[in-house]
Amino acid sequence: MDFTANYDMFLTAEHDILRRTVRDFAEKEVAPHIRAWDRSGAALDGPETRQHILPVLKRMGALGLLGICLPARLGGAGMDYLALAVVCEELERVDSFLRVVMSVHTGLNSLTLFQWGSEEQQQKYLVPQAKGEQLAAYCLTEPNSGTDAGAMLSTARRDGDSYILNGEKTWISLADVADNFLVFAKTDPSKGNRGISCFIVERSMPGFSSHPIHGKLGVRAGNTGSVVLQDVRVPAANRVGEEGEGFKIAMAALDNGRYTVAAGATGLIQASLEASLRYARERQTFGVPIAEHQLVKRMISHMVRKLDTSRLLVYRAGWMKNQGRRNTRETTLAKWHATVNSFEAADDAIQIHGAYGYSDEYPVERYLRNARGAIIYEGTRELQELLQADFALGNRENRPLRRELPAYDPEAWT
Amino acid sequence: MHIVVCMKQVPRDNSVKINADLTINADGIEQIMNLFDEYAVEEALQWNEKLGGKVTVLSIGPDDWKEQVRRALAMGATDSLLLSDPAFAALDVLGAARVAAAAIKKLGDVDLVLCGRNSTDDESAAFAPALARLLGWPQLTYVGKIPALEAGKIVAERHLEEVIETVEASLPAVASVIKGINEPRYPSLLRIRKVAKVEIPAWSAADLGLTSADLAPVLNLAGRVPPPPRPKGEMIDGASAAEKAARLVDKLMEAQVI
């Protein structure tokens with residue numbers, strides 16, 4: 001059956017054509033190679049030399065996916081935030097590394113420039129990023145600070161018309177392939193979260209270097225690495241927002257990044273379900289297809305529940321983004337729910353496949369490995385749980401931001 | 001140059017069920033543009049980019065086929081036309097060709113009609129020839145390459161089982177294309193937005209001046225069953241590749257295949 005049907009309260013015919021297009025791309029141009037690409041990540045040692053990564057990203061750029069939810073005047077495809085979710089679902093339905101690109105390039109970096117960037121910054125960086133001519137990443141995490149971002153050690157010291165950046169960032173998706181990086185660093189280390197500022201750093205700036213992380217559990221087809229900044233001189237014009245506003249910008253960016261992660265996880269649930277349906281109809285035990293066994297049916301029914309609830313939560317958050325409403329709570333809930341459920345769905349998919357599911361002859365073990373990371377990155381499961389409780393208890397509220405993510409405007413964006 | 005592409009919507013896979021009245025039940029199966037028609041759309045777009053003019057994507061079907069028509073528009077077709085009427089629900093291939101022929105005549109200024117080689121659901125491959133016959137135009141089937149297209153003339157390679165035939169015909173003409181003639185593009189995301197609100201014109205049987213006699217099927221479907229499962233293959237054992245090959249040759253000779 002078509003698991004994406006009957007979402008007309010959120011989606012239009014445009015989204016359906018988009019879904020079909022992204023699905024065709026992922027199935028034709030990525031799926032035939034994904035097992036080899038995933039294996040290549042397990043074998044990677046030394047610098048990132050794999051040849052498949054850049055061409056795929058360039059292809060996504062040429063198709064318009066990288067600027068999907070940005071106005072045409074900024075080089076985007078002029079579609080809405082729900083379109084971003086559809087793209088993420090369909091990409092991660094084939095492999096998470098494709099969706100990760102949408103998360104960091106589009107969700108975390110480009111939408112941050114859209115929300116907070118100056119006109120000059122948008123023209124110089126956002127436009128080529130939206131067109132896919134330049135690739136972008138987001139650097140918040142450090143070797144000694146993840147969830148506790150305020151504990152970061154990177155610094156940015158003002159020097160005339162520039163800042164001098166020093167520090168190390170790690171677990172950076174596209175570290176070795178991106179052109180532009182949003183880097184968070186402390187302009188005033190005495191002020192904690194309020195001493196953080198945000199900068200656009202180019203790979204070509206002297207003192208910038210990167211190297212890949214080896215031996216990842218999942219998302220092996222894609223590039224993840226560390227970025228080292230050694231006395232990197234960044235023009236003051238590349239500071240995004242005001243001095244000391246970096247923490248707010250980083251958190252607002254996560255409202256968009258987490259949204260893409262949640263949508264992607266929904267696609268991964270669908271992939272687990274579809275693989276399970278195929279296998280359960282083919283595989284026979286005790287004289288019948290295993291789809292006729294009740295405990296297999298239970299796993300399938302739970303996958304369906306997880307798929308639909310995740311998708312509904314994602315689309316609610318996307319609908320709110322379209323309206324220009326703050327969606328931190330809703331996006332966080334979607335991210336928590338969808339990622340935890342995607343891991344469980346992949347786990348059940350392996351169970352349905354039995355021993356075959358334990359090798360990469362079938363894709364489901366890859367789904368499980370890929371799903372695990374999203375329970376950690378862009379806000380751990382535990383952080384999301386605390387956020388939900390604090391919202392419910394009234395301990396937390398969304399304070400207005402100096403600049404909010406622009407609402408979708410179908411006329412002005414086309 | 002005005003190129004019309006005839007496009008059909010089909011179920012994505014062949015896991016359809018057959019209803020008691022022998023109609024196909026594709027409930028819950030995603031509907032897509034017929035694979036071969038996608039090549040026809042792409043071929044039309046490539047020539048349109050060189051020659052200018054119009055590409056009209058034409059489809060016979062109910063309102064919900066508009067999504068595939070929009071997909072063709074998002075790929076780059078300049079115009080669209082849906083032939084839609086409850087009376088078109090049970091057309092056979094000749095009836096469908098009559099409907100399309102009436103529309104193409106009504107359009108008037110058509111230079112070339114491109115179709116897919118066949119649809120992946122009915123697989124009759126008779127639509128394009130029937131259409132050419134009804135229009136009285138040359139028909140070029142199994143076209144794998146169009147080396148030249150200009151005012152009044154088309155040169156096409158027909159990729160047949162054992163030979164490639166290069167033929168020339170005067171325009172207007174009808175051509176059916178095969179897989180691999182080109183690499184169909186994806187719809188442009190910018191165009192998806194632009195074509196979302198385009199009004200797709202719809203013509204009914206009355207608009208086309210067709211009567212129920214024109215539409216009555218001449219083919220009667222006597223039965224429809226799923227194809228039998230593929231028979232099991234035979235594995236040939238042997239100590240070495242050479243031994244296996246020798247046994248294979250023996251078997252093939254035994255079966256008088258070689």
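Just so we're clear, the structure is a prediction, and the values are computed from it rather than from any experiment. We use all heavy atoms of the structure for the numbers below, so side chains are in, but hydrogens, waters and symmetry mates are not. Naming convention: chains lettered A, B, ... in sequence-line order (proteins, then strands); numbering from 1 in each chain.
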ask   = Between B/Glu30 and A/Arg23, does a salt bridge (Lys or Arg N to Asp or Glu O under 4.0 Å) hold up when you go through it step by step?
value = CA-CA 12 Å; B/Glu30 193 191 349; A/Arg23 186 173 292 189; 3.7 Å; yes
inquiry  = Taking 4.5 Å as the heavy-atom cut-off, does anything in residues 54-72 of chain B contact chain A, and if so which residues?
reply    =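 Within residues 54-72 of chain B, the residues that come under 4.5 Å of chain A (heavy atoms only) are B/Glu67, B/Arg70, B/Arg71.
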query = If contact means a heavy atom pair closer than 4.5 Å, which residues of residues 193-208 of chain B contact chain A?
reply =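 B/Arg193, B/Lys194, B/Ala196, B/Lys197 fall under the 4.5 Å cut-off.
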Which region of [X], side chain (C-beta onward) or backbone (N, CA, C, O), has a non-hydrogen atom less than 4.5 Å from a non-hydrogen atom of chain B, or is it both or neither?
X: A/Ile68; result: side chain
X: A/Arg281; result: neither
X: A/Phe25; result: both

Near [X] [atom1], under 6.0 Å, is it more than 12 heavy atoms from other residues, nucleotides or ligands?
X: B/Lys17; atom1: NZ; value: no
X: A/Tyr279; atom1: OH; value: yes
X: B/Asp21; atom1: CG; value: yes
X: B/Glu123; atom1: CD; value: yes
X: B/Glu49; atom1: CD; value: yes
X: B/Lys179; atom1: NZ; value: no
X: B/Arg224; atom1: CZ; value: yes

ask   = Closest heavy-atom contact between A/Gly76 and B/Leu190?
value = O-CD2, 3.7 Å
query = Looking at A/Ala5, A/Gly78, A/Gly67, A/Ala13, which one has more heavy-atom pairs under 4.5 Å with chain B than the rest?
reply = A/Gly78
Interatomic spacing from CD in A/Glu29 to OH in B/Tyr186 - rounded to 0.5 Å =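 Result: 3.5 Å between the selected atoms.
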task = To the nearest 0.5 Å, tell me how far B/Met75 CE sits from A/Thr21 OG1.
result =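 So the CE of B/Met75 and the OG1 of A/Thr21 are separated by 9.0 Å.
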request  = Just do the salt bridge (Lys or Arg N to Asp or Glu O under 4.0 Å) check on B/Glu38 and A/Arg20 with the steps written out, would you?
outcome  = CA-CA 13 Å; B/Glu38 223 173 302; A/Arg20 177 79 260 148; over 6 Å; no
key: A/Leu63 vs B/Leu189 side-chain heavy atoms within contact, under 4.5 Å   =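 They are not in side-chain contact.
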